[in-house]
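In what follows, chains carry the letters A, B, and so on, assigned in the order in which the sequence lines appear, proteins first and then strands, with residues in each chain numbered from 1. No experiment lies behind these values; they were computed from the predicted model shown.
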Amino acid sequence: MEFNEPAGQNLFDNARLVGKPAARIDGPLKVSGLAPYAYERHDVVEGQLYGYPVGATISHGRILSMDVEAARAAPGVRAVVTTLDIAPLALGMLNVARLFGGDEVQHYHQAIAVVVADSFEQARAAAGLITAEYATGDAADFDLHAAFERLQGSGDPDTLVGDVDTAFRSAAAVVDQMYHTASISHAAMEPHASIVDWSDGERMRVWTSNQMINWTRGSIATTFGIDPELVQLESPYVGGGFGGKLWLRADAVLAAIGSRAAGAPVKLALPRPFVMNNTTHRAATVQRVRLAAASDGRLTGIWHEAASHSLPGGRGENATAQTPYFYATDTMRVKHHIVAMPLPEASDMRAPGEASGHMGLEVAMDELAEALEMDPVQLRIVNDTQVNPSEPSQPFSERNYVACLETGAEAFGWSDRSATPGQRREGQWLIGMGMAGAYRGTPVRPSGARAILENGRLIIETDMTDIGTGSYTVLAQTAAEVMGLTLDEVEMRLGNSLYPVSSGSGGQFGAASSTAGVYAACMALRGEIGERLGYDAPEFSDGLVVSGDSSQALADLQGRFEAVDEMTIGNFQDNYLLATFGAHFAEVAVHIATGETRVRRMVSTIDAGRILNPTTARSQLIGGMTMSIGGVLSEEMALDTGRGYFVNHDLAGYEVAVHADILDQEVIFLDTADAVATPLKAKGVGELGVCGVGAAVANAVYNATGVRVRDFPLTLDRLLGGLPELA
Amino acid sequence: MPPPIEFELRRRTLLAGTAAVAAASVARLAHAQEQAGSAASAQQQSDIALTVNGTEHRITVDNRTTLLDVLREDLHLTGTKKGCDHGQCGACTCSVNGERINSCLSLAVLHDGDDVTTIEGRGAPGQLDPMQAAFVSHDAFQCGYCTPGQIQSAHAVIGEIRAGIPSHVTSDLTAVIELTEAEIRERMSGNICRCGAYSNILAAITEVAEDQA
Amino acid sequence: MKAFSFERASSAQAAAARAAEVQGAKFIAGGTNLVDLMKLGIEAPEHLIDVSGLGLDRIEETDEGGLRIGAMVSNTALSADVRIRRDYPVLTRAIAAGASGQLRNKATTGGNLLQRTRCPYFYDTAQACSKRVPGSGCSALTEGAFSRQLGVIGTSDACIATHPSDMAVAMRVLDATIETVTPTGMTRRIPLEEFHLLPGDTPEKETALMPGELITAVTLPAPVGGIQRYHKVRDRASYAFALVSVALIRQPDGSGRVALGGVAPRPWRLAAADAELPNGARAVMARLLDGARPTEETQFKITLAERTLAALLLEE
């Protein structure tokens with residue numbers, strides 16, 4: 001089915017299930033510990049051995065030699081394969097660091113060996129016996145700020161509208177500031193893990209933890225130079241992804257090599273201290289944001305230039321991602337520079353680019369509001385637009401940003417905020433309020449599914465994954481809606497390469513795309529049922545298929561009905577800019593002596609089209625708030641610029657938010673529907689929640705203390721110097 | 001099509017390993033027992049008795065094996081999760097002799113005779129215990145990986161407050177400790193949820209605690 | 001983790017004798033730190049002696065009016081003891097500020113004192129660390145290193161690690177004494193202030209214990225009263241090591257005691273600094289942190305310590 005024009009009135013506008021709260025259908029399995037994650041598949045193949053990785057201990061250079069004799073001789077060891085044993089493996093999709101093979105070291109903890117043994121303890125012990133001699137590469141420069149200074153102004157702008165220089169010369173108010181964001185780790189609770197059976201060197205079966213089944217299946221085939229048809233991949237439960245499991249990673253590659261070498265299935269999970277430097281991360285950014293405005297607050301110029309690190313060939317973290325699209329402006333100049341550094345692979349993390357970019361742009365907007373003596377909410381309202389600011393002939397499909405701002409301000413009690421910082425104190429705590437806007441694009445990708453009706457039971461098969469986002473549930477709601485069934489009459493089968501290719505989970509495209517795919521498959525199934533029954537224009541409701549005076553219960557239909565279809569997206573969508581919007585409001589308390597910061601309450605107002613399931617969507621938003629509070633207050637992959645690696649590589653050193661950090665959270669969804677987006681009129685929400693939350697917190701800290709911090713995370717040492725003297 | 005990987009192995013074709021695996025039993029426990037013949041390895045293993053969810057298991061463990069890995073790899077009770085394996089996340093939380101602990105930092109050999117409750121012992125689909133049911137109804141998880149540990153801690157936290165064990169946020173150390181949101185949040189802080197379901201976890205625990213009151 | 005043999009000790013004295021006799025032996029009780037370090041290859045004992053079942057898990061009153069805390073009393077049990085809560089509240093506060101509920105259930109009193117540093121270079125066996133490999137140097141003191149969590153005083157050119165315990169900071173301000181049994185069956189009493197060694201040129205030597213010697217108890221003198229506070233400052237609200245912590249006991253006349261955590265290789269307290277308490281936080285810290293050698297990244301700890309104490313003094 002092709003989606004080739006904006007959706008008209010359809011069954012989802014008067015839905016029984018879609019758009020209504022529903023508890024997760026995979027919930028009972030998860031709360032009882034019975035949902036099987038990758039490393040736990042004792043049931044799938046006999047004779048699993050244990051793999052354990054060894055990582056490089058330099059940032060870049062070459063391996064001169066490795067000593068594996070002691071490891072080979074260690075008890076229980078079945079195989080040892082080093083990176084020197086095989087030629088460099090080809091790169092999988094969007095990988096820029098080699099995952100294994102050859103003598104070159106491109107980053108710290110790049111995998112250089114895998115040990116396979118009868119037990120986990122034996123594999124780990126033997127891995128500890130392997131040593132390597134290195135020729136360290138030339139000293140590298142890890143100073144991103146200095147690189148930005150060098151690159152500033154160079155290269156063609158990514159976006160250029162009008163003459164920014166003139167706009168800045170004649171502006172009533174100008175903000176020109178530098179912002180820095182730290183590298184951030186996905187830190188999913190489930191480490192990257194796989195079981196691979198490649199015992200015979202032919203067919204490869206992979207049980208893994210991955211967001212994108214079809215991409216990763218293709219990457220495995222590319223990496224090992226085999227026919228993708230020989231690879232079967234399953235990932236029915238994923239213990240957190242956030243973009244960190246979009247791509248093929250070393251766990252699957254090492255397990256495959258170990259399996260081939262040992263002639264038996266091998267299971268391998270990346271040890272936690274290995275995850276941070278071996279896998280991908282959100283790169284640090286340096287940003288210079290310049291805003292020019294007329295005295296009424298109207299933006300006359302936006303100039304956003306940023307840099308981030310990456311291995312050569314990578315995409316870094318483009319902090320300007322939102323800037324061309326967010327605010328109306330007369331002129332605009334936007335440029336992102338990628339700085340090559342031999343650091344672990346920088347890649348996508350939840351709202352890649354935007355999450356960091358909002359820290360610059362939305363703090364700068366707060367600074368501009370202050371310079372103009374204007375309310376920050378009002379400043380954003382006057383700069384709203386209904387067309388793409390960098391391509392004014394392209395309208396937004398739907399944009400209710402102003403409603404987000406106004407609704408949020410009202411719900412939060414924004415009018416109680418003092419515009420002057422440092423005015424409110426409770427005991428030893430300074431209290432402040434801040435807000436920020438949120439922008440995130442919402443792509444829609446083709447997505448397929450198979451719908452089967454057998455003995456009255458509906459089965460949906462698609463390679464779509466559920467990484468905690470609620471796919472199982474929203475897809476079941478969609479299928480039940482279309483087929484006129486109840487939620488518990490639907491069985492969902494996800495995350496298997498045997499099933500039709502879906503959008504996968506990433507880029508905030510998963511739910512909107514894959515529900516459209518399931519809709520297409522179910523409509524095809526309706527056609528198949530109608531045709532076989534000889535029903536003209538059949539309707540499906542209350543468990544019945546009805547045509548004229550004829551009707552039958554689906555439960556009574558004999559035999560098996562099956563249809564496969566895919567929703568593809570027509571070119572018409574290119575005429576529109578599709579995006580989601582939000583406004584985040586935060587109240588913080590900052591300890592007057594120590595600078596400890598607590599986010600006491602937050603309200604987020606969200607405009608993201610039809611909300612398929614308010615329960616799971618709300619969880620996405622509060623999850624985004626939580627991740628952002630960690631991100632703005634404590635998360636930093638600490639870079640040793642002498643040695644070129646992230647030093648705090650475990651969950652004690654890298655501090656994500658804990659329960660005590662999270663106080664009151666409220667989410668308000670605007671009642672909107674975007675007919676251009678999908679037949680369900682839905683858009684993504686998963687990434688919007690990490691756009692702007694951190695900026696709202698930072699702006700609130702400024703409001704509490706009068707200390708403007710532009711380097712993130714906003715740890716207390718960055719506040720101390722500006723806090724009041726204690727009597 | 002490029003040749004399969006084994007043609008690119010420059011050294012050591014590793015086929016010996018393949019043959020050995022084909023011949024050997026690779027079941028962990030069976031293998032451990034096979035090895036028990038040698039004196040050195042015998043000293044590095046121990047026989048323990050462990051009661052898990054009411055069932056007694058007599059097993060031979062490598063002294064290095066953690067309680068977590070015995071549960072997951074030997075007993076195939078994979079509901080107890082390995083998130084960090086270093087006591088930094090709480091995913092492995094289970095109850096031993098009525099107290100919650102990080103099973104990843106506890107050697108199985110130190111648990112001879114102990115009584116362990118894992119998430120599988122709390123309830124199964126169709127017969128969830130009240131905390132499990134409250135986690136579902138409050139959507140107190142997303143990816144689900146930290147969830148068994150959260151539920152184990154949630155049970156324990158209510159018990160610890162009622163037992164009068166003070167926490168970092170207890171204001172008066174000599175008074176009866178109230179079951180407040182602040183107390184629950186602080187005491188649940190050893191269980192990290194990267195999906196960020198804390199607010200819903202709090203709601204689930206609060207509901208169960210109030211129902212029990 | 002290297003394979004190791006295992007035994008259960010029958011008595012504290014027998015455990016100490018065995019530990020001295022068996023090559024590569026170590027004690028294990030809660031294991032919350034040792035198992036972590038063994039997994040990483042930082043500790044590699046060849047033999048473990050289980051001392052968790054020796055009956056050292058009681059808290060008894062001493063003839064001097066204080067308390068004798070068995071070395072295997074769990075952190076949870078110690079923090080919850082009514083006598084501790086009533087008479088030594090700074091100790092309950094400090095313990096409750098550390099780790100998590102799960103860890104405090106397993107962690108023991110003796111083990112807590114023997115925790116090793118959380119310096120990230122100590123924790124990564126690929127990096128030089130004189131504490132881990134004597135003489136290999138201090139990675140944290142090299143150009144570009146990450147040192148934000150590390151020490152500012154009592155450190156040396158060989159090591160700037162801190163002792164991570166909260167409990168020990170409170171015990172230090174309470175003038176605790178450690179009781180041990182030696183391999184020959186002797187009982188030793190070691191004041192806590194002499195227990196943790198400063199690194200000097202030998203950061204691998206961390207405590208005054210001799211080989212095989214086992215901590216059996218910690219004794220607290222009779223209660224000193226006063227207002228007792230523990231403020232732990234960290235980047236997140238819970239489940240994190242201290243950037244700086246301040247233990248304070250303040251008497252009605254303004255005199256009192258102050259100890260710091262998160263800044264030094266041991267709980268940091270000086271009598272001369274205590275004497276400055278009536279003169280305020282700045283005066284105390286001028287003495288207590290005199291001679292501090294912070295890195296650029298730890299400079300803030302000097303300010304933070306003073307401001308944290310100042311806030312505590314303002315509270316009353």
Which region of [X], side chain (C-beta onward) or backbone (N, CA, C, O), has a non-hydrogen atom less than 4.5 Å from a non-hydrogen atom of chain A, or is it both or neither?
X      : result
B/L202 : both
B/I192 : both
B/H86  : side chain

(message) Restricting to side-chain hydrogen bond (donor to acceptor under 3.5 Å, both in side chains), what partner residues turn up for B/D115, sequence neighbours left out?
(response) none

May I ask you to name which of [options] has the most heavy-atom pairs under 4.5 Å with chain A?
options                        : answer
B/C193, B/G90, B/G144, B/A182  : B/G144
B/C195, B/G123, B/A133, B/S189 : B/S189
B/G196, B/S199, B/A197         : B/G196

(request) For a side chain to side chain contact (heavy atoms under 4.5 Å, CB included) with B/D139, tell me which candidate from A/I622, A/T616, A/T473 qualifies. (result) A/T616

(request) Using distance alone, with no hydrogens and no angle criterion, decide if A/S619 and B/Q142 have a side-chain donor and acceptor under 3.5 Å apart. (result) no

(request) Drop me the distance from A/F120's CZ to B/K82's NZ, to the nearest 0.5 angstrom. (result) 3.5 Å

(request) Give, for atom OH of A/Y50 and atom CD of B/E73, the distance between the pair rounded to the nearest 0.5 Å. (result) 3.5 Å

(message) If I compare all heavy atoms of A/R124 with all of B/R64, which pair ends up nearest, and what's the gap?
(response) NH2-O, 4.2 Å

(request) Provide the closest heavy-atom pair for B/V136 versus A/P28 in the form atom of the first, atom of the second, distance. (result) CG2-N, 4.0 Å

(request) Sorted by first residue and then second, give each side chain to side chain donor-acceptor pair (under 3.5 Å) pair with at least one member in residues 119-133 of chain B; sequence neighbours left out. (result) B/T118-B/E120, B/R122-B/Q152, B/D129-B/H155

(request) Under 4.5 Å, counting heavy-atom pairs only, tell me which of A/A256, A/P21, A/A657, A/A35 racks up the most with chain B. (result) A/A657

(message) Shorter than 4.5 Å, heavy atoms on both sides: which option in A/G27, A/A23, A/A652 has the most such pairs with chain B?
(response) A/A652

(request) Please answer whether the main-chain N or O of A/E40 pairs with a side-chain N or O of B/R72 as donor and acceptor at a distance below 3.5 Å. (result) no

(request) Classify the angle between the aromatic ring planes of A/Y37 and B/Y145 as parallel (below 30°), tilted (30 to 60°) or perpendicular (above 60°). (result) perpendicular

